[in-house]
Amino acid sequence: MSTQIELLEAEVKAAIGRAVKAGLLTLDTPASITLDRPKNRDHGDYATSIALALAKAAGKKPGEVAQIISRELEGAAGVLRVEIAGPGFINITLTRASQAELVLTILKQARDFGRTDALRGVRINLEFISANPTGPLHLGHTRWAAVGDALGRVLTAAGADVTREFYINDRGNQMDLFGASVEAAALGNPIPEDGYKGEYIADLAKEVVASNPAITELAQGARHEAFREAAYSLQLRDQQRVLDNFGTHFDIWFSERSLHHQGAVEHGVEKLRRQGHVFQAEGALWLRTSNFGDDKDRVLMKSDGSFTYFSSDTAYYINKRERGFDICIYMLGADHHGYVGRLKATAACTGDDPEYNIHVLIGQLVKIMEGGQEVKLSKRAGTIITLEELIEKTGVDAARYTLIRYPVDTPMVIDIDILKRNTNENPVYYVQYAHARIAAVLRNAAELNISVNLADFDPTQLTHDRENELLGALAQYPRVVASAAQMRQPHRIARYLEELAVTYHGFYADCRVLPLGQENPTPLHTARLLLCSSTKVVIANALDLLGVSAPERM
RNA sequence: GCGCCUGUAGCUCAGUCGGAUAGAGCACCUGCCUUCUAAGCAGGUUGUCGCAGGUUCGAUUCCUGCCAGGCGCGCCA
């Protein structure tokens with residue numbers, strides 16, 4: 001079950017333990033050892049700077065500590081050579097065969113290879129997109145549609161129990177304005193001053209009237225409501241359809257209205273009151289969020305007796321926690337970063353630990369280039385690019401991959417023209433190509449009747465540098481998944497995939513996998529074939545975490 | 001004014017607890033398919049890691065200040 005890295009880390013730890021026991025070192029054995037994959041191949045298969053880190057505590061020079069540890073480490077399972085370099089790095093070279101065992105591990109675990117239990121048992125509510133149902137999803141939502149979904153998959157792979165949730169902002173002035181806009185379009189009246197003006201409003205109007213011709217005959221008040229509700233339902237369904245096509249699925253579509261209907265807001269206020277952070281001032285009801293780092297206190301109920309949007313937010317958070325979620329992750333756009341303080345403070349007001357129970361990810365905005373120019377997005381002016389349009393232009397895989405490839409706190413620039421090109425200017429093809437290439441090799445191998453029986457795998461066959469590099473890259477995968485989950489950074493999966501693809505392509509160029517001409521299959525052919533097969537498994541698993549397909553042919 | 005994010009090659013960007021000679025793609029040049037997918041491989045060119053201090057064996061990474069850009073600071077939703 002353990003990968004070679006984990007085993008080696010345990011060996012290093014054990015070596016330190018032995019040194020301490022023998023009185024060679026006086027210090028506490030560190031809880032974890034970090035092994036790095038050195039960039040320079042002369043530095044062995046793995047390197048650790050643990051001796052440098054422990055030098056001070058041990059009261060010795062780093063070089064001496066490294067000497068002591070490396071002496072204990074020599075002869076450990078699978079270790080071929082231990083060397084000390086520079087100020088005290090310990091460079092470890094493994095026997096080739098011990099590294100090659102990984103192939104069997106991967107092929108046995110197959111789809112489960114890379115899954116960890118880093119977050120086992122943790123119930124996570126992952127909320128993202130949460131758009132108003134007053135228009136199509138646009139590029140602002142797109143980044144989250146891709147990244148949020150990928151994060152959900154990554155957290156699941158790390159063992160967490162994840163629920164993806166979309167909060168429908170179906171309450172308030174925006175909805176009325178939206179309804180009034182559709183109504184006006186249907187009746188041929190001018191769209192209200194602050195109304196929605198996109199073409200889709202006219203389309204919605206037609207659709208509403210087509211499905212219910214009598215709607216225009218209703219009395220004004222009833223008509224207004226009927227238009228709003230009909231348009232709402234159509235628009236929501238449209239959002240769901242588009243997200244479905246994009247491969248982003250939600251477990252729960254949570255209506256803000258339902259929160260109010262079930263009295264959750266009053267319940268939330270009551271809970272906060274019991275915690276002692278609610279107070280009355282200037283005729284309004286406030287939450288003292290400033291006690292927990294917020295810049296100012298927030299109003300829960302206005303002096304006119306109505307609840308604020310903030311009160312919905314707090315109620316919603318409390319509702320999530322009462323549904324049993326340990327961690328609530330929010331994914332918000334940079335234009336909402338002002339919410340972080342109050343959300344965290346709200347969590348603290350309910351008695352939660354804002355460092356653990358709530359996690360707010362802020363995504364910087366996406367800038368779009370097309371035809372060499374920046375495309376300005378304005379819902380008002382109707383110059384939005386919708387998620388659907390982006391998919392039409394680039395395809396789901398290219399769009400998803402590009403959006404996920406960058407950390408969310410970087411403002412990113414997307415050039416539509418580049419995305420449209422099916423060339424390796426888009427790294428997704430480079431990665432997918434590696435997968436398709438392996439698939440082709442495996443197809444050809446099947447025709448040649450080469451054994452892919454695990455029992456015929458001989459790890460000592462894999463002695464080429466390229467094979468060694470590939471094995472090293474494959475061994476990284478589980479820890480990449482774990483760190484992507486822990487850091488909430490799915491882009492790490494994409495970057496890893498690119499590295500793995502580079503390594504595979506290099507291997508492929510230098511290491512012939514199948515027999516040439518009339519040559520008979522040898523154990524080396526089988527070993528390389530199984531190495532290819534295990535690489536294919538890892539690429540497919542990683543692409544799956546991004547929601548990107550792993551094609552058999554390209 | 002206060003707060004969050006960003007500043008790394010000509011362009012777009014990577015770079016988990018500080019680690020060895022700072023990386024990738026694109027762009028530009030040169031080689032490699034009469035045998036596994038050339039959407040590939042190999043090689044070449046490209047840097048004041050925004051600036052200035054500090055912390056230490058060691059700083060692109062941590063701390064402080066400054067400069068530049070993006071975004072936000074309602075009893076709006």
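Note: hydrogens, waters and symmetry copies are ignored here, and every other heavy atom, side chains too, is used. Chain letters run A, B, ... following the sequence lines, proteins first and then strands; every chain starts at 1.
- Across the interface with RNA chain B, nearest-nucleotide mapping of P87(A) and V441(A) shows P87(A) to be the residue nearer the 5′ end.
- Ring planes of H141(A) and H138(A): tilted class, angle from 30 to 60°.
- Using C1' as the reference atom, A42(B) and C33(B) are 14 Å apart when rounded to the nearest Å.
- Using a 4.0 Å heavy-atom criterion, one finds that E282(A) contacts the bases of the nucleic acid, with or without backbone contacts as well.
- Spacing between G47(B) and U21(B) at atom C1', rounded to whole Å, works out to 14 Å.
- Side-chain N/O atoms of D176(A) and base N/O atoms of A77(B) include no donor-acceptor pair closer than 3.5 Å.
- Look at the P atom in both A9(B) and U48(B): the space between them is 8 Å, to the nearest Å.
- Spacing between A22(B) and C63(B) at atom C1', rounded to whole Å, works out to 22 Å.
- Nucleotides U61(B) and G15(B) place their P atoms 15 Å apart, quoted to the nearest Å.
- Rounded to the nearest Å, the gap between the P atom of G7(B) and that of U60(B) is 15 Å.
- Nucleic acid contact for E447(A): none, since no nucleic acid atom lies under 4.0 Å from a heavy atom of the residue.
- Atoms CD1 (I493(A)) and P (A14(B)) sit 16 Å apart, rounded to a whole Å.
- Here R512(A) does not pair with E519(A) in a salt bridge; the nearest charged N to carboxylate O distance is not below 4.0 Å.
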